[in-house]
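Here's the structure, in structure tokens; my notes come after.
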Amino acid sequence: MDFDLTKAQEMIRKEVRRFAQAQIAPVAAQLDETETFSAQLTRKMGKIGLFGMFVPEGFGGQDTDYLSYIIAVEELARVDGSQAATVAAGNSIGLGPIYQFGTEAQKQKYLPRLCSGEALWGFGLTEPEAGSDAGGTRTTAALDGDHWVLNGSKIFITNAACELSLGVTVQAVTGVRDNGKPEYSCFLVETGTPGFKAVPMHGKMMWRASNTALLYFDNVRIPEENMLGDRGDGFHQMLQTLDSGRLSLAAMGLGGAQGAFELALKYARTRNQFGQPIGKFQAVSFKLADCAMEIECGRNLLYKACWLKDQHRPFSKEAAMAKVYCSEMMGRVANHAVQIHGGYGLMKEYGVERFYRDQKLLDIGEGSSEIQRLVIARDLGL
Ligand SMILES: Cc1cc2nc3c(=O)[nH]c(=O)nc-3n(C[C@H](O)[C@H](O)[C@H](O)COP(=O)(O)OP(=O)(O)OC[C@H]3O[C@@H](n4cnc5c(N)ncnc54)[C@H](O)[C@@H]3O)c2cc1C
């Protein structure tokens, strides 16, 4: 076994950490407070190559392994959940399905812009009546000549209603299978197509500087060539995309936990009560010891899942384990980190409460903790 990262992976961690400290840390609190998605910051993240890292250079990507990309997301989340969300959603579930299932023409058309950070693509699965139950999709697509006509709506779609939004992958019902079950297919729907409306959602507790959208499709005509892959493959494409997406949500949990832990460690060393740093009290130092131990467990679990993916081996169960563990682990770490800060931990100025808030989405998005446990239990044959 070799637990060392490669030189290239170490370099990526160093560069992204430096970027996050210099460019994101100074503005993160303000963007969160004002609920502002920053196109400028997204472009900067594009310039240093954070979009399309695992995509071949021929399509504008960096051609790295998946673990390198996961390390980048981890480092962003160490500083700010919102920017990590923009990158994670822009890659794994945004441009990811186009890269994985798209035709050569679709890849040539969309990937170079998406890899540059000048444009973002959304992943349109969730609907008001179809959340955890991805098979509950009600959006329909009917063939009319050489066009598909889409009707329906999607909710909570990341990166789909900002000035950089180029389009969204939409799962729709395209018919009925021989076994009587719905047939799902996916479509690439470009922003600005008549009948397609994307409305930003506001009032989020977390990821407040990330763009979230409600989407409406009212007789939206999509050319046949904008179907993603083959007719009837939609559900499989979405589930496969979510397997990879879970690795990046796990990376957000891991990085967020690391960021909250570092703040707590620093505070425990400098805050004095009863004549000594609070870190000298065993009740505090044991909390930090638990955090360090859990972060180490999470990192090993997540990197192993990425390694499996990079080896082209099955990784669904490991991705589900990493996602649920790292998400919930960040919850425990952020809770300890706020506790160690005492009353100051509840003040925005100290920055630790943002980790506490940003964590909650990780228990819910891209398959809630309950759904991850279902995936793991199924693998156990239950
Ligand atoms: C900020 C944000 C960004 C998002 N980005 C995207 C995106 O880009 N694209 C996209 O498609 N979606 C996105 N989502 C949607 C997200 O994936 C869903 O919210 C999530 O899948 C849960 O669906 P739901 O909210 O409808 O909850 P529900 O499915 O209604 O679940 C409610 C509760 O019931 C539990 N539950 C449901 N079914 C079961 C079961 N079988 N067994 C046990 N418990 C169960 C759930 O775990 C949960 O606790 C985003 C959501 C948010 C908040």
Side-chain angles (χ1 to χ4, degrees), residues 89-107 109-111 114 120-160 165-191 193 195-196 198 213-246 248 316 319-320 365-367 371 374-375 378:
N91 282 292
S92 310
I93 59 174
L95 59 82
I98 300 177
Y99 169 54
Q100 209 167 353
F101 309 112
T103 59
E104 185 65 21
Q106 288 167 347
K107 291 183 199 180
K109 182 173 182 191
Y110 298 116
L111 287 179
L114 297 175
L120 293 168
W121 198 268
F123 174 79
L125 179 60
T126 305
E127 298 188 3
E129 301 304 325
S132 301
D133 181 8
T137 296
R138 294 188 179 178
T139 296
T140 56
L143 197 54
D144 178 22
D146 55 2
H147 279 69
W148 288 90
V149 183
L150 261 67
N151 280 289
S153 65
K154 300 282 171 182
I155 192 167
F156 296 132
I157 309 306
T158 305
N159 290 339
S165 303
L166 184 62
V168 62
T169 305
V170 175
Q171 176 176 281
V173 179
T174 46
V176 183
R177 291 182 181 279
D178 293 344
N179 62 8
K181 292 193 171 163
E183 173 196 78
Y184 303 104
S185 305
C186 285
F187 298 90
L188 304 176
V189 182
E190 292 183 15
T191 303
T193 309
F196 170 34
L214 258 167
L215 309 180
Y216 300 97
F217 307 94
D218 183 11
N219 286 319
V220 180
R221 293 181 71 80
I222 306 294
E224 258 185 316
E225 65 263 24
N226 271 35
M227 178 177 272
L228 184 67
D230 293 330
R231 179 173 177 168
D233 273 358
F235 195 59
H236 170 72
Q237 292 168 348
M238 288 274 158
L239 292 190
Q240 220 178 305
T241 300
L242 286 173
D243 276 344
S244 301
R246 281 165 190 160
S248 56
S316 293
E366 291 190 36
I371 296 303
L374 268 178
V375 171
R378 265 188 212 132

Under 3.5 Å side-chain donor-acceptor pair for Ser244 and Ser92:
no

For the pair Leu114 and Leu166, evaluate side-chain contact (heavy atoms from CB on, under 4.5 Å) and give the outcome as yes or no after the intermediate values.
CA-CA 8 Å; Leu114 297 175; Leu166 184 62; 4.1 Å; yes

ring-ring contact (aromatic ring centres under 6.0 Å, His included) partners of residues 214-246, not counting sequence neighbours, each pair once:
Tyr184-Phe235, Phe196-Phe217

Could you give the distance from [atom1] ([X]) to [atom2] ([Y]), rounded to the nearest 0.5 Å?
| X | Y | atom1 | atom2 | value |
| --- | --- | --- | --- | --- |
| Ser165 | Leu120 | OG | CG | 6.0 Å |
| Ile93 | Thr158 | CD1 | OG1 | 5.5 Å |
| Leu239 | Gln171 | CG | CD | 8.0 Å |
| Leu111 | Trp121 | CG | CH2 | 10.0 Å |
| Met227 | Thr103 | CE | OG1 | 12.5 Å |
| Leu143 | Ser185 | CG | OG | 10.5 Å |

For [X], check ring-ring contact (aromatic ring centres under 6.0 Å, His included) against everything at least two apart and list the hits.
| X | value |
| --- | --- |
| Phe101 | none |
| Phe156 | none |
| Tyr99 | none |
| Phe187 | Trp148 |

Partners meeting salt bridge (Lys or Arg N to Asp or Glu O under 4.0 Å) with Asp144 (sequence neighbours left out)
Arg221

Taking the side chain as every heavy atom from C-beta outward, state whether [X] and [Y] have any pair of such atoms under 4.5 Å apart.
| X | Y | result |
| --- | --- | --- |
| Thr169 | Met238 | yes |
| Leu150 | Val189 | yes |
| Glu224 | His147 | no |
| Ser153 | Pro128 | yes |

Could you tell me whether Glu366 and Arg246 have a side-chain N and a carboxylate O separated by less than 4.0 Å?
no

Grab the two heavy atoms, one from [X] and one from [Y], that are nearest each other, plus how far apart they are.
| X | Y | value |
| --- | --- | --- |
| Ala134 | Leu125 | CB-CD2, 3.9 Å |
| Leu228 | Gln237 | O-NE2, 3.0 Å |
| Val173 | Pro182 | CG1-CB, 4.1 Å |
| Ala130 | Asp133 | CB-O, 3.6 Å |
| Ala198 | Leu215 | CB-CD2, 3.6 Å |
| Ile155 | Glu127 | CG2-C, 3.6 Å |

Who are the side chain to side chain donor-acceptor pair (under 3.5 Å) partners of [X], not counting sequence neighbours?
| X | answer |
| --- | --- |
| Thr126 | none |
| Arg138 | none |
| Asn219 | Asn151 |
| Thr241 | none |

Listed once per pair and sorted, the salt bridge (charged side-chain N to carboxylate O under 4.0 Å, His left out) pairs that draw on residues 166-189, sequence neighbours left out:
Glu183-Arg231

Which residues satisfy the side chain to side chain contact (heavy atoms under 4.5 Å, CB included) test with Asn226, sequence neighbours excluded?
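Listed in chain order: Tyr110, Leu188, Glu190, Ile222, Pro223.
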
